[in-house]
Amino acid sequence: MSQAYYILTINPGSTSTKIAIFRNDELLFDLNISHNDHEISAFERVWDQYAYRKSEIINFIKEKEFDLHRLDCVVGRGGLFRPVLSGTYRINKITLNDAREAVQGEHASNLGSVLAFGIAWDYGIPSFIVDPPCVDEMEDVARLSGHRAIKRRSLVHALNIKAMARLAARKLAQPLTEINLIVAHLGGGISITPLRRGRMIDTSNALSAGPFSAERTGTLPMMDFMEYLFENKLTPRDARKMLVGRGGMFSYLNTKSMIEAGERYEQGDARARLVIRAMAYQIGKEIGAMATTLKGDVDAIVLTGGAAHSNILVEHIREQVAFLGQILVLPGEDELQALAEGALRVLRGEEEALEYPQQIEYEELFN
Amino acid sequence: MKIFEEMEKRGHEQLIFNYFEEVDLKLIISLHDTTLGRVIGGLRLSQYESDMDAIIESLKLSQLMTLQSATAEVDSGGGNVILLGDPRKVKNEPYFRALGRYIESLRGRIYIQPDLGTDSQDFKYIQRETDYTIFEKDRKNEAKPSSEVTASGVYWGIKACAKRAFGTSDLAGRTFAVQGIGDVGKNVVHALKKEDTRLYISDLVYDNMKEMEDRYPDIEIVRPEDILFLDVDFLVPCATAGIITPENVGRLRCQVIAGSAQHIFTDESLIQDFHKQGILYAPDFVISGGDLFLLDNHLKMVSPEEAHEGTKIIYNLLLDILQRAHIKGVTPYEVAQADAMARYQKIDLIKNILC
């Protein structure tokens, strides 16, 4: 009988920490630990929440009467680190330093690595991150933004995109390394990513470009946005809120819920109908654009993420992009499962754990 | 082991056992020697494989405390208190207040201070029942563990070792492996980072090290099983006893061992092995004695500034021991032990004078 591995996975969000314990890839239990706003806001930096969140995690697991000594490893959702290749990384000092320094910005996911490392250390077991949001496999031509001072960055839902790409490959009964996919992650942020033989050769940055989502603006008309900033004297913090959190569908319909927007659509709300159609239109347009990065050689389009549960949205997208090829709808995202599977591949020796950072190599012609 | 034979061998005066069922208090008090004065002893809370293991540890630690006092020219004797229990389970107010009453019943024959497994919170309860406790006071005059003063002593001891081993007390560029990042270990790290040093640290609990990493990002953390065997200038043990064994002594790669942990070897003969391997070993009872400077000769607390100033004596004291050991070709431990015994015996004679 093959060995059973017990894996703790940790996915910190801004106001909650999702955790799960797996026996191999089988979920034993999961928990969504909500954090009190008052308690979280008492910390100046995300990094400072470490001890608080760790103690909550340990207490909740103990309440479930799971003996932490049974664990074989702990996996955290990696943060906004320096750009790296896709894979499962052993957490090391550089990972922790980058998370502490928030090298690509403050984000709750930066805590994933230190929480995993801290718990793993106490129990003398290894800790990993898997496909962090800073995975960068973009081709050179995709890196230029249009101005030398601004680079296109790969900040992408790499964990879910890679996991869904693997699942799609299994459904197509072909190795991932032999097919081309476009994966549209439709979540709170949207990333549309073409994968050439498993590699993410481009992506619409979910934080600042691509289609609008339930709460993010995506790409805005640039000159108009610039004038808006100056006329309204927005601070960088206010501008960021406008783009991420209070943009997209929320700015039009005052809701971030795709369920509510869908109900209003069904009830004949003209605004809701227009906004959902527009969102689908932008998503379709971006998928079409990404199809060109694969020169039209697309084996399947994968629609995933929470918003892929919305049949209305999916059908509108389908109308637009069906001509490009087969569409696989794999709604939701299971990042905890994807983390566990990433660690399991290493524990079983199917993959080598990478040493962070495996930096991408490309010729920097414009520093 | 026969207890009375062991007491005779080590020169102990008194061994006390207390048990209070209601709070599951199991207590061993060792009073080694009161020739120099009332005894001072650390309060240790830990689990032991057997009661006899706890007794032996208490006897060893109290004996060491006598040597420590004699070396530091402090007029106190050696004692020790061991609580047998799981710190995660037994700690509560009634538990420590019960202990306080037993200490009070000895009417000042022993003064206790925090040691492994006990902290300032525990002593807040103990102090409701007895004044026979020793604490460093902070600026608000509130009690806090004596770890800063102990660490200060370790720091000055390390500098003395550097002078002997490398010809300069300047620690810049030196490498250190600090084992145990508890209260003393953290303060040793703070002291060492005031100079341009390179530090490797290890602890069983990551959170202790995270605090140090956040403050000093260049610090390297090392797995507990590896820290003793790093190729460094200094091994600084600040955790538990018995970490160096006949099996692992040959794997040491450091040039100096100097830390607050006492009885780091399972067998005293290993000190000779350090010597043969060319490793300079700072006698534990000398370098870890910083907290003795919290008291004056009447066992009254001095100011934190005075205590910290007092620990600088350890530099001269240890350097003198190291140099004489070098000249004689013996271990510093032997010299320090002989010094302590000599002072102790002379004071013992003086006490015969009637006045």
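Note that these values count all heavy atoms, side chains included, but never hydrogens, waters or copies made by symmetry. Lettering of chains follows the sequences in order, A, B, ..., and the numbering in each one begins at 1.
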Checklist entry - With a cut-off of 6.0 Å (strictly less than), are more than 12 heavy atoms of other residues, nucleotides or ligands near CD of A/E352? => result no
Checklist entry - Side chains of A/W121 and B/P224: does their closest heavy-atom pair fall under 4.5 Å? => result yes
Checklist outcome for this item: So, the part of A/N97 with a heavy atom under 4.5 Å from chain B: the answer is side chain
Item to check | Contacting moiety of A/I119, where chain B heavy atoms sit under 4.5 Å | outcome: neither
Checklist entry - Under 3.5 Å, is there a donor-acceptor pair between the side chain of A/K54 and the main chain of B/D207? => result no
Next on the checklist: Measuring only between side-chain heavy atoms, which start at C-beta, is B/I221 closer than 4.5 Å to A/F117?
Outcome noted: yes
Item to check | Part of B/D214 lying under 4.5 Å from any heavy atom of chain A | outcome: both
Next on the checklist: Is it the case that atom NZ in B/K26 sees more than 12 heavy atoms from other parts of the structure closer than 6.0 Å?
Outcome noted: no
Checklist entry - Do other residues, nucleotides or ligands put more than 12 heavy atoms under 6.0 Å from the NZ atom of B/K91? => result yes
Next on the checklist: Take a 6.0 Å sphere around CZ of B/R198 and say whether it holds more than 12 heavy atoms from other residues, nucleotides or ligands.
Outcome noted: no
Checklist entry - Would the number of heavy atoms belonging to other residues, nucleotides or ligands and lying under 6.0 Å from CZ of A/R82 be above 12? => result yes
Item to check | Portion of A/Y123 that has a non-hydrogen atom of chain B nearer than 4.5 angstrom | outcome: neither
Checklist outcome for this item: When rounded to the nearest 0.5 Å, the distance separating OH of B/Y206 from CG of A/L96 is 4.5 Å
Next on the checklist: Can you confirm whether B/R223 is buried at CZ, in the sense that more than 12 heavy atoms of other residues, nucleotides or ligands lie under 6.0 Å from that atom?
Outcome noted: yes
Checklist outcome for this item: CZ of A/R100 to CD of B/E213, rounded to nearest 0.5 Å, is 5.0 Å
Next on the checklist: With a 4.5 Å cut-off on side-chain heavy atoms, are B/V205 and A/D122 touching?
Outcome noted: yes
Checklist entry - Is it true that atom CG of A/N32 has more than 12 heavy atoms of other residues, nucleotides or ligands lying nearer than 6.0 Å? => result yes
Checklist entry - Heavy-atom count around B/E225 CD within 6.0 Å, excluding the residue itself: above 12? => result yes
Checklist entry - Is a side-chain donor or acceptor of B/K210 paired with a backbone partner of A/Y50 at a separation under 3.5 angstrom? => result no
Item to check | B/D218 portion near chain A, given a 4.5 angstrom heavy-atom threshold | outcome: backbone
